[in-house]
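FYI, the numbering just counts along the sequence from 1. Below, each value reflects all heavy atoms present in this structure, side chains not excepted, and no hydrogens, waters or symmetry copies.
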Amino acid sequence: MLPVVVVHGGAGVISQEHKEEAKMGVCTAVRAGYAILRGGGSSMDAVVEAVTLMEDYPLFNAGRGSVLNIAGDVEMDAIVMDGKTLESGAVSCVRNIANPVQLARLVMDKTSHLCLAGDGASRFARSMCVPEVPQESLITEFARMRWQKNLLPGADPVESQLGKTGTVGAVAVDNEGNVACATSTGGMINKMEGRVGDVSCIGCGGYADNNIGAVSPTGQGETIMKVCLSRLILFHMEQGQSVEAASDSGLAYMKSRVKGFGGVVTVDPRGGWAARFTTNQMSWAAALDDTLHYGLQAGEHFTQSISDPN
């Protein structure tokens, strides 16, 4: 069954006109990650490549297409984690970076720290020769419209957060049985400046351990943090639950305990995988055994050959 890669393009409510675009985005990302795995690449290389492509896809709330904070600026978070070593890298509140997931990997590979934030992350990016991009290149007209709408009296940015595809993420297991995760986001609509969400927090916005599996979540960041969703799901797997059952258990607990909604993609080291969610939709795709799997609605599951361009 190995290798396997699974991605999500965010849980929420996806408008009718964007549904096919959302499916195309996750399928393109999962094909790229799977090509790396099929070529003998590592699970870490695969998840970073898949998330990079979704950061470049303006429909998703990550990289280009990120939502705006209360001041109308882009502040992004990302995390990666290697299940073989438990090494991890994350960035928070970064600006003017096209692909925060790549910067998160540099934090893991080039520093002794787990997370860098704000100006410190920017200085590190410059020291690594990561190019800066104009903030305007990361802002879509849709993101600006939603920002302005949520400035109006009576607007509820928390409630409207799930009205757009959200955080993107990927998990993978390679030919050697090594698992990895990567997650990236623009955060919450009209968030306070400097707000840190779940994505950059290890065990919340992602976790990977070769002894158990890997998880990348999406949804309401504050509720994900309250239950440490990624590590909670892996705890259920440690107790003997299947990938799918553990994912459902973690999401159900978050919903019942803190009224949080979201979704996850999960893998185990043997190639078991799941894409589960409690929101109306979550765009997701998986690739294994030269077969592409994808869906959007609850219960939806399409398959086709990975070599089929359609």
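With contacts defined as side-chain heavy-atom distances shorter than 4.5 Å, the pair Val80/Val101 qualifies. At least one side-chain heavy atom of Lys191 sits under 4.5 Å from a side-chain heavy atom of Glu75.
Checking side-chain atoms of Thr218 against main-chain N and O of Ala11 turns up a donor-acceptor pair under 3.5 Å. The main-chain N or O of Asn69 is found under 3.5 Å from a side-chain atom of Trp147 such that the two form a donor-acceptor pair. Not a single donor-acceptor pair under 3.5 Å links the side chain of Tyr57 to the backbone N or O of Met24. Thr291 places a side-chain N or O within 3.5 Å of a backbone atom of Asp289 that can act as its donor or acceptor partner. Listed for the Gln241 side chain is a donor-acceptor partner under 3.5 Å among the backbone atoms of Ala246. The backbone N or O of Cys93 lies less than 3.5 Å from a partner atom in the side chain of Asp77, making a donor-acceptor pair. Distance alone, capped at 3.5 Å, places no donor-acceptor pair between the Asn178 side chain and the Lys84 backbone. Counting only distance, with no hydrogens or angles, the side chain of Gln135 and the backbone of Val74 share a donor-acceptor pair below 3.5 Å. With hydrogens and angles ignored, the 3.5 Å screen pairs no side-chain donor or acceptor of Ser92 with any backbone N or O of Val196.
No more than 12 heavy-atom neighbours from other residues, nucleotides or ligands sit within 6.0 angstrom of CZ on Arg64. Residue Glu176 places its CD atom among 12 or fewer non-hydrogen atoms of other residues, nucleotides or ligands, all under 6.0 Å distant. Applying the 6.0 Å contact sphere to CZ of Arg126 captures more than 12 heavy atoms from other residues, nucleotides or ligands. Applying the 6.0 Å contact sphere to CE of Met192 captures no more than 12 heavy atoms from other residues, nucleotides or ligands. Counting heavy atoms of neighbouring residues, nucleotides and ligands inside a 6.0 Å radius, atom CD of Glu141 does not exceed 12 of them.
For the atom pair CG of Asp198 and OG1 of Thr223, the computed distance is 8.0 Å after rounding to the nearest 0.5 Å. Expressed to the nearest 0.5 Å, how far OH of Tyr207 lies from OG1 of Thr183 amounts to 14.0 Å.
Tracing side-chain contacts under 4.5 Å through hydrophobic residues (I, L, V, M, F, W, Y), one reaches Val47 starting from Met108; they form part of the same cluster. Linking ILVMFWY residues whenever their side-chain heavy atoms come closer than 4.5 Å, directly or via other members, leaves Phe261 and Met225 in distinct clusters. In the hydrophobic cluster analysis, where Ile, Leu, Val, Met, Phe, Trp and Tyr join through side-chain heavy atoms closer than 4.5 angstrom, Leu116 is grouped together with Val94.
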Could you please spell out the steps behind the side-chain hydrogen bond (donor to acceptor under 3.5 Å, both in side chains) verdict for Thr167 and Thr185? CA-CA 5 Å; Thr167 297; Thr185 189; 2.9 Å; yes
Give the C-alpha distance, both sets of side-chain angles, the deciding distance and a yes or no for side-chain hydrogen bond (donor to acceptor under 3.5 Å, both in side chains) between Asp56 and Asn99. CA-CA 8 Å; Asp56 292 339; Asn99 297 112; 3.1 Å; yes
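The aromatic rings of His293 and His301 sit perpendicular to each other, their planes meeting at more than 60°, with 30° as the lower class boundary. Ring orientation note: the planes of Tyr294 and Phe302 are tilted relative to one another, at an angle of 30° to 60°.
Contacts of His236 classified as ring pair (Phe, Tyr, Trp, His ring centres under 6.0 Å), with partners at least two apart in sequence or in another chain: none.
The stretch residues 44-54 participates, sequence neighbours left out, in these side-chain hydrogen bond (donor to acceptor under 3.5 Å, both in side chains) pairs: Ser42-Asp45, Asp45-Arg105, Thr52-Gln102.
Residue Trp284 comes nearest to Leu296 through the heavy atom pair NE1-N, 4.0 Å, listed as atom of the first residue, atom of the second, then distance. Thr111 and Val107 get closest at one heavy-atom pair: OG1-O, 2.7 Å. In terms of heavy-atom proximity, Arg276 sits nearest to Met282 at O-CE, 3.8 Å.
Gln297 and Lys19 share a donor-acceptor pair across their side chains, judged by distance under 3.5 Å alone.
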